[in-house]
Amino acid sequence: MFELYLDSADLERIARFNECLPLAGITTNPSILAAAGIGVNQFLSEASKILGDNARFHVQVVSADIDGMLAEARKLHDLPYDIVVKVPTTETGLAAMKRIKTDNIPFLATAIYSVQQGFLAALCGADYLAPYVNRIDNLGMDGIGVVADLQSLLERQGMTSKILAASFKSTRQALAIMQCGAAAVTLPLDVAERMLSHPAVQPAVDCFGADWRAAFGDKLSHES
Ligand code: G3P
């Protein structure tokens, strides 16, 4: 089943989108939490009240060394939520991933900019891989192409890591990622908002309402 996440720590807007979107959970990163001025514990407590017990949260470690990442992963894993630990896909991060894997802690390899980087993280046993689509585009490369190539490589090698693509600036990018078979995306709120809207929709709905009232007044469908 495809997993849709929001990439945000804006609790008010998460609550709004949770009303209409079938969210698997929320992804955060240190920059998102810092910008929102909310720590991990408070965020998880409040977000889980909004999303319920089945929500999954992807939370990134901030340690810069292997032992620190492993210790942080263990602490995050002990929290009373469904947490996937995000680990940057650096040389240090890959080393930490190998050790986190032996602890059976679910983890996501983040900050993926290339197919080979994603493949190495998959070999280290990552549950999720997070390629940064728009950031890759901004470097003059092809973010959608990287995800498509990584997806086909995972399939060809029979690997179970799931792509959870991140960093979007347009709905077109997000749709292309869904079409290439990625298992999950995490959308910033502005892109999620644009996924919901099309300028032709409300006029069409308004027209149905006007036609109905002209014929049946205030009657509801089952009363007509
Ligand atoms: O967690 C990484 C992802 O949030 C990056 O997105 O929009 O900062 O490129 P962005």
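Both counts, for ligands and for their atoms, begin at 1 and track the order of listing.
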- Is I50 linked to I83 within one hydrophobic cluster, defined over Ile, Leu, Val, Met, Phe, Trp and Tyr using a side-chain heavy-atom separation of less than 4.5 Å? yes
- Query: Do the side-chain N and O atoms of Y132 and T110 include a donor-acceptor pair separated by under 3.5 angstrom?
  - Reply: yes
- Item | Between Q117 and T89, a side-chain donor and acceptor under 3.5 Å | no
For ligand 1, output the ligand-protein N/O contacts shorter than 3.5 angstrom; if there are none, return none.
unit_1: ligand 1; atom_1: 1 (O); unit_2: N29; atom_2: ND2; d: 3.0
unit_1: ligand 1; atom_1: 1 (O); unit_2: K86; atom_2: NZ; d: 3.2
unit_1: ligand 1; atom_1: 4 (O); unit_2: D7; atom_2: OD2; d: 2.4
unit_1: ligand 1; atom_1: 4 (O); unit_2: N29; atom_2: ND2; d: 3.2
unit_1: ligand 1; atom_1: 7 (O); unit_2: K169; atom_2: NZ; d: 3.1
unit_1: ligand 1; atom_1: 8 (O); unit_2: R135; atom_2: NH2; d: 2.7
unit_1: ligand 1; atom_1: 9 (O); unit_2: R135; atom_2: NE; d: 2.7
unit_1: ligand 1; atom_1: 9 (O); unit_2: S167; atom_2: OG; d: 2.7

- Would you call E193 and R16 a salt bridge, taking side-chain N to carboxylate O under 4.0 Å as the test? yes
- Message: Is it true that H58 and Y5 share a donor-acceptor pair across their side chains at a distance under 3.5 Å?
- Response: yes
- Message: A quick test of your reading: do over 12 heavy atoms of other residues, nucleotides or ligands sit less than 6.0 Å from CD of E19?
- Response: no
